[in-house]
Amino acid sequence: QEEMELQALFDDSDDDDEELQELRPPVITVMGHVDHGKTTLLDFFRKTNVISGEAGGITQHIGAYSVAYQGEKPEYKGKTVTFLDTPGHAAFAKMRERGASVTDVAVLVVAADDGFMPQTEEALKFAQKHASAIVAAINKVDAKGANLDRVKQQMQQRNITPEDWGGETITVPVAAIKNQGISELLDMILLQSDVLELKANPKNPAYGRVVESRMEKGRGTVCTVLVQEGTLKRGDYIV
């Protein structure tokens with residue numbers, strides 16, 4: 001009975017009222033094979049160094065944070081982007097899938113020297129299944145043995161043909177460790193987001209997904225929640 005009442009509350013929301021819908025920040029998931037530079041790339045976006053605090057440099061759990069990005073192109077200025085950092089290691093495949101299921105734009109990171117690896121294939125499948133759009137970031141273009149054309153050929157074989165090869169997948173060459181191509185990548189992410197015209201109603205009751213949860217000593221259950229509709233305020237009850 002309570003569940004039905006709760007569902008009725010959400011069904012009654014003004015979700016479909018076009019006038020109440022406002023543009024919302026895109027949710028971006030950065031995915032790819034371990035060691036292909038996914039975390040380094042995210043570090044530049046949030047200007048902190050998480051990799052040093054992780055076991056063996058592997059992202060252990062999903063994190064979410066927003067960054068306001070001042071683009072070089074005036075139409076992008078002041079846009080906010082929400083990044084969902086999903087683990088790159090195979091052991092966290094289930095968790096990664098859960099991260100991707102709330103994604104608007106998936107950034108698929110492929111190392112220019114390695115090309116597609118098993119986890120890249122896996123990440124691509126998740127991205128194709130869950131994201132509205134895919135942007136390919138070919139990282140480590142400065143590395144020895146980097147071969148941009150080989151990666152683009154591999155993309156073509158997987159039906160995500162790069163734009164400059166006549167396809168529809170936006171592809172940006174980057175060297176994350178040197179901060180090369182990061183601005184261009186963010187520009188392309190925002191451009192892709194603009195095309196999607198993502199909207200939500202901030203006046204609705206807050207509704208979203210638990211991205212992850214854990215027990216913390218002295219605090220009890222702690223959750224990372226991605227609010228997809230409405231506004232969550234301090235003191236709100238959550239079901």
Who passes side-chain hydrogen bond (donor to acceptor under 3.5 Å, both in side chains) against N147, sequence neighbours left out?
none

With sequence neighbours left out, what residues match V222 under side chain to side chain contact (heavy atoms under 4.5 Å, CB included)?
R214, E216, R219

How close do K140 and A112 get, heavy atom to heavy atom, and via which atoms?
O-CB, 3.7 Å

Go through it in stages, so that I can follow the logic: the residues are W165 and D149, the test is side-chain contact (heavy atoms from CB on, under 4.5 Å), and I'd like the CA-CA distance, side-chain angles, deciding distance and then a yes or no.
CA-CA 10 Å; W165 280 35; D149 282 344; 3.9 Å; yes

State the CG-CG distance between L185 and L190, to the nearest 0.5 angstrom.
9.5 Å

Taking only residues two or more places apart in sequence, or in another chain, which ones meet S132 in a side chain to side chain contact (heavy atoms under 4.5 Å, CB included)?
L196

Using side chain to side chain contact (heavy atoms under 4.5 Å, CB included) as the criterion, list what pairs up with E197, not counting sequence neighbours.
none

Among residues at least two apart in sequence or on other chains, which ones pass salt bridge (charged side-chain N to carboxylate O under 4.0 Å, His left out) with K125?
none

By side chain to side chain contact (heavy atoms under 4.5 Å, CB included), which residues pair with L232, not counting sequence neighbours?
A206, V227, D236, I238

Can you confirm whether T221 sits close enough to M215 that some side-chain heavy atom of one is under 4.5 Å from a side-chain heavy atom of the other?
yes

Do you reckon V195 sits in the same ILVMFWY cluster as I28, going by side-chain contacts under 4.5 Å, direct or chained?
no

Heavy atoms of A106 and M31 approach each other most closely as CB-SD, 4.4 Å

If you look only at pairs with a residue in residues 152-161, which of them pass as a side-chain hydrogen bond (donor to acceptor under 3.5 Å, both in side chains), with sequence neighbours excluded?
E121-R158, K152-D164

Report the distance from atom CG of N201 to atom OG1 of T231, rounding to the nearest 0.5 Å.
8.0 Å

Identify, with sequence neighbours excluded, every residue that meets side-chain hydrogen bond (donor to acceptor under 3.5 Å, both in side chains) alongside E168.
none

Roughly how far apart are E184 CD and I170 CD1, rounded to 0.5 Å?
13.0 Å

Shared ILVMFWY cluster between L148 and L108, side chains joined below 4.5 angstrom?
yes

Would you say the side chain of I134 lies within less than 4.5 Å of the side chain of Q128, judging by non-hydrogen atoms?
yes

Considering only heavy atoms from C-beta outward, does the side chain of L124 approach that of T120 to under 4.5 Å?
no

Side-chain contact, heavy-atom cut-off 4.5 Å: S193 with V105?
yes

